[in-house]
Amino acid sequence: MTQFGKGCHLHLIDGSAFIFRAYHALPPLTRKSDGLPIGAVSGFCNMLQKYVEDNAGPDAPTHVAVIFDKGSHTFRNDLYDQYKANREEMPEDLRPQIPLTREATIAFNIACKELEGYEADDIIATLSRQAREAGGRVTIISSDKDLMQLVGDGVEMLDAMKNRRIDRDGVMEKFGVWPDRVVDVQALAGDSVDNVPGAPGIGIKTAALLINEWGSLEELLDNAEQIKQPKRRQTLIDKREQIELSKRLVQLDEETPLDFTLDDLEVREPDPETLLEFLTKMEFRSLTKRISDSLGVEAPVLPDTTPEGANPPEDDAPEMPAIDPESYVWVKTAEDLAPWIAAAHERGWVAVDTETTGLDEMACDLVGISLCIEPGEACYIPLAHRGDSDGGLFGDGDLAEGQMPMQAALDALKPLFEDPAVMKIGQNMKYDAKVFSRYGIDISPIDDTMLMSYAMNAGLHTHGMDALSERYLSHVPIPIKTLLGSGKKMKTFDQVPIGDAVKYAAEDADITLRLWKIFKPQLHRAHVTRVYEGLERPLVPVLAEMERNGVQVDRNVLSRMSGAFAQKMAQLEEEIHELAGESFNVGSPKQLGEILFDKMGLEGGKKGKTGAYGTGADVLEDLATEHELPARVLDWRQISKLKSTYTDALQGHINAETGRVHTSYVIAGANTGRLASTDPNLQNIPVRSEEGRRIREAFVAPEGKTLVSLDYSQIELRILAHMADIDALKQAFRDGQDIHAMTASEMFNVPMDEMTPEIRRQAKAINFGVIYGISGFGLARNLRIPRKDAQDFIDRYFERFPGIKAYMDDTTEFAKEHKRVETLFGRVIHTPEIAAKGPRAGFAKRAAINAPIQGTAADIIRRAMIRMPEAIEGLPAKMLLQVHDELLFEVETGAEDALIEAARAVMEGAAEPVVKLDVPLVADAGQGSNWAEAH
DNA sequence: CCTGTCACG
DNA sequence: GACGTACGTGACAGGG
């Protein structure tokens, strides 16, 4: 054992901060076996584990302790009976968890210290002093500002949540004084949380100003008569006693009588057995697993209980055998395959999964197919695995042994996959359906476990197979990385030895079937059968077809634009470097920030949580009024974005075979029911700026065809008018009025014929704000007006449209009560965060207000898309893209009007018959030889 | 791999 | 116990 001294590094963890953060960060989890609340303990352990992982490096501490508060009465209460008097009672479900956090700390083999009658802060102060005096370094893991007085002279703080170190400069940033004067500032400013009175009317800013002027609190108070501002002077004179008391309250005690020494805090390895025993006792399934892995020991078997998180398995969840990759069957011949097909027919269902050479369904090759008919009964049919690459000059590239001919397999499977009496079950079936469709198989009918999960659990968790398997089967699937590797030397699936492929691929089908068995009976209990069967599942073939259609993109147009952009960028770069007086990377926000704020000394530099200056467009726009450089950077940024994301990258997405761009839509990505578009994202092609809009000219109709676009007019505002039942808005929509102008007229008492663009613009911003869960802050930022003005606008808006306010309150109330909100079509969006405290509550509230509106709009266009194929069946037209409220079609020239008529009817009637909206839905149409013209 | 920035509805 | 704040997305570049 080494004695604490020079070269030693002590970490002091603020245990109470960990507990509170854990408590507020997690839903109220309970231990399955007895209902004991354990959410905070779970979070606490997760944070400890993360702490241990993060601090294993070269700068690892030599000594560490978690420090807790003990007892509610401290010397500060003797000084001031109101100290911390306004503190809320500890929540009922947190109290029993407090001793468990001590147990957890000990289980991690970390020193756990507390002292009756003292706050953790005092113990931390004392230990910091001792360590400092012994010549060691200290890191205090906490973000509590009360501890900032300790910083300096080898003592730093670490805000674990933001992973930000706070040194003397950080303290200066926060308090405006060096650490040794922090208590003086706090004494003046007081603290509403701890109920430290301070000097009324003086906050941190003013306090720092005064302390810096006078050097210390004592000097200030002794010379209070000389203060110029009369009110401030009087306060300082009258409240002297209160201020001095405040100082004693915030001053930490560095002489706490401790019954241990620094040497007792030496870092110790955790004992796997003790730690895992504790975690098992708490029934932390995934944490037990994760820590077992990191300790390199086998995870103890937990009793089969609910995985941490949502949706406990139903009481009638089927019994299933353990997942055993060794049990899966390698299908080598048609004779091997036949019984699987027969079994699928017999059951009426089969889980299916395809393995391919890549993730691009349009450009990959089929490598194998796996089937599963009952949990644990799964097979893999390899079809295109390559031979052993060590097999000699001619071995590489040949098909490996033990595979049936692909065509024979497809011929045998096609009748099954197209049999209307057999349900084909998949996880993300759109992928498999697209692959099969390229091989001439139109797989149907289908169920999709990803979409089932999405329908039931949107907002609670993601819906990928790995996540679902872990959550609902407590099983971690074989990672694909173990087969393919990663990085440059990554293999494709056809290079995987078949023996390994069987285990991986069949396991996927097995997992999918198990999930299906669990989810299927849950759907109707969650009241989402209609959503799943009416809005999710039927979209799969529609999207698959749209994605296969793709959109024609003219490479030459893009390439020309890229060239022009490159020139323009080089020119701008030169100007920028000249303005800066030096050469730097304009694309680096870090370097740009340093140039603007350090070198050029511009005002208004704000450092974010990583310590870098913010250089977002809003910041640069403010600076641009004063200086040339930021204006040029904004120009450069715009061009750079257009070039890299659009004119360059888009070319790489043109499919070699079709000459078209095939995006992929993520059905279960956005919690609200919206689609997301990836590889490439065709839902964010520029349109707002003139320069950007020209990129749409590269999206073209082939010879003899025309692009037609239909988009819903103001769909979200119409939905809001209906849902909140606002007569004035509903009537305005019925009359076909300019809704923003009408809002402006109502709010500002301006007659419609005297409306100015500026007033209309503000009303428009408010209308959008309402949809987003308006806040004074947000509106102020958007409109670039003082917050007070923004709040006035909002107040006036709510006064004029009280129904909107009522709707927002009702929605929030519903979300609080049910932990979810719903769209008009019954789509459920869970809002677990709504119960959170702190800033997350605000986010959750606004998301809850927005979700039914955005979600209902998403439902409506989904309904339109699902009906569209039939509606345009007789027309020479194809649906290509969806952009949230817009559908893009390609149609033979001459049939535009017929298409518009048919598509418009579908879109405008899409809510019916399930929902009869009080407002009309209107779809505007456009057409042209490219997307810029059509939109 | 994360963060900042910026494109869309 | 402090803390930032309009909703929902995805892609790219820089930087460790």
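All chains are named by letter (A, B, ...) in the order of the sequence lines, taking the proteins before the strands, and each is independently numbered beginning at 1.
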- Which part of the nucleic acid, if any, lies within reach of Gly769(A) when heavy atoms closer than 4.0 Å are counted: base, sugar-phosphate only, or nothing? base
- Distance only, no hydrogens: is a donor on one side chain within 3.5 Å (strictly under) of an acceptor on the other, for Gln186(A) and Asp146(A)? yes
- Query: If only side-chain N and O atoms of Arg846(A) are considered, is one of them under 4.0 Å from the OP1 or OP2 phosphate oxygen of dT5(C)?
  - Reply: no
- Task: Name the residue closer to the 5' end of DNA chain C, choosing between Ser640(A) and Asp69(A) according to the nucleotide with the nearest heavy atom.
- Result: Asp69(A)
- Message: Checking contacts here: which listed nucleotide (dT5(B), dA6(C), dG9(B)) is nearest the side-chain heavy atoms of Thr615(A)?
- Response: dT5(B)
- Classify the nucleic acid contact of Arg787(A) as base, sugar-phosphate or nothing, counting any heavy atom under 4.0 Å across all strands shown. base
- Query: Among dA6(C), dG4(B), dG16(C), which is the nearest nucleotide to the side chain of Leu779(A)?
  - Reply: dA6(C)
- Message: Does a side-chain N or O of Thr672(A) approach OP1 or OP2 of dC7(C) to a distance below 4.0 Å, or not?
- Response: no
- Please tell me which of the listed nucleotides, dA7(B), dT5(C), dG14(C), lies nearest to the side chain of Gln638(A)? dA7(B)
- Message: With a cut-off of less than 4.0 Å, is there a side-chain N or O of Lys145(A) near OP1 or OP2 of dA2(C)?
- Response: yes
- Task: Searching all strands shown, indicate the nucleotide that pairs with dC3(C) (Watson-Crick or G-U wobble; both distances under 3.5 Å).
- Result: none
- Message: For a quick test of reading the model: is some side-chain N or O of Arg637(A) closer than 4.0 Å to OP1 or OP2 of dC6(B)?
- Response: yes
- Task: Assign Asn782(A) to base, sugar-phosphate, or nothing according to its heavy-atom contacts below 4.0 angstrom with the strands shown.
- Result: base
- Does NZ or CZ of Arg781(A) fall inside the cone over Phe777(A)'s six-membered ring, less than 6.0 Å from its centre and within 45° of the axis? no
- Looking at Arg688(A), does any N or O in its side chain come under 4.0 Å of the phosphate oxygens OP1/OP2 on dG9(B)? yes
- Item | Sugar-phosphate, base or nothing in reach of Ala649(A), heavy atoms under 4.0 Å | sugar-phosphate
- Message: Side-chain N or O of Asn585(A) versus OP1/OP2 of dG14(C): is the shortest distance under 4.0 Å?
- Response: yes
- Message: Measuring to OP1 and OP2 of dG10(C), would you say a side-chain N or O of Thr645(A) lies under 4.0 angstrom away?
- Response: no
- Note on the structure: Taking for Ile774(A) and for Tyr646(A) the nucleotide of DNA chain C with the nearest heavy atom, the one nearer the 5' end belongs to Ile774(A)
- Whole-Å distance separating the CD atom of Gln591(A) from the C1' atom of dT3(B): 15 Å
- Query: Whole Å only: how far is the NZ atom of Lys643(A) from the C1' atom of dA13(C)?
  - Reply: 13 Å
- Which nucleotide in dG10(C), dC12(C), dG8(C) has an atom nearest any side-chain atom of Ala676(A): dG10(C)
- Query: What is the ring orientation for Phe597(A) with Tyr613(A), classed by angle as parallel under 30°, tilted 30 to 60°, or perpendicular over 60°?
  - Reply: tilted
- Touch class at under 4.0 angstrom, heavy-atom based, for Gly587(A) against every strand present: sugar-phosphate
- Query: Of all the choices, dG9(B), dA2(C), dA11(C), which nucleotide is nearest to the side chain of Thr678(A) once you look at every atom?
  - Reply: dA11(C)
- Task: State the CD-CD1 distance between Glu573(A) and Ile576(A), to the nearest 0.5 angstrom.
- Result: 7.0 Å
- Task: May I ask you to say what Ile853(A) touches in the nucleic acid, namely base, sugar-phosphate or nothing, with a heavy-atom cut-off under 4.0 Å?
- Result: nothing
- Under 3.5 Å side-chain donor-acceptor pair for Glu547(A) and Thr663(A): no
- Leu717(A) CG to dA6(C) C1', in whole Å, measures 14 Å
- Message: Applying a 4.0 Å non-hydrogen cut-off, can you work out what Ser16(A) is touching in the nucleic acid: base, sugar-phosphate, or nothing?
- Response: nothing
- Task: In whole angstrom, give the distance that lies between atom NZ of Lys641(A) and atom P of dA13(C).
- Result: 9 Å
- Euclidean distance for P, dT5(C) against dT5(B) (whole angstrom): 13 Å
- Query: Distance under 6.0 Å and angle within 45° of the ring axis: does Lys805(A) meet both against Phe798(A)?
  - Reply: yes
- Item | Phe20(A) CZ to dC3(C) C1', straight-line distance once rounded to whole Å | 16 Å
- Message: Please classify the nucleic acid contact of Val687(A) as base, sugar-phosphate, or nothing, using heavy-atom distances under 4.0 Å.
- Response: sugar-phosphate
- Query: Think Gln683(A) has a side-chain N or O under 4.0 angstrom from the OP1 or OP2 of dG8(C)?
  - Reply: no
- Task: Determine, using ring centers only, whether Phe793(A) and Tyr797(A) are less than 6.0 Å apart.
- Result: no
- Query: On a whole-Å scale, what distance lies between the P atoms belonging to dA6(C) and dC6(B)?
  - Reply: 15 Å
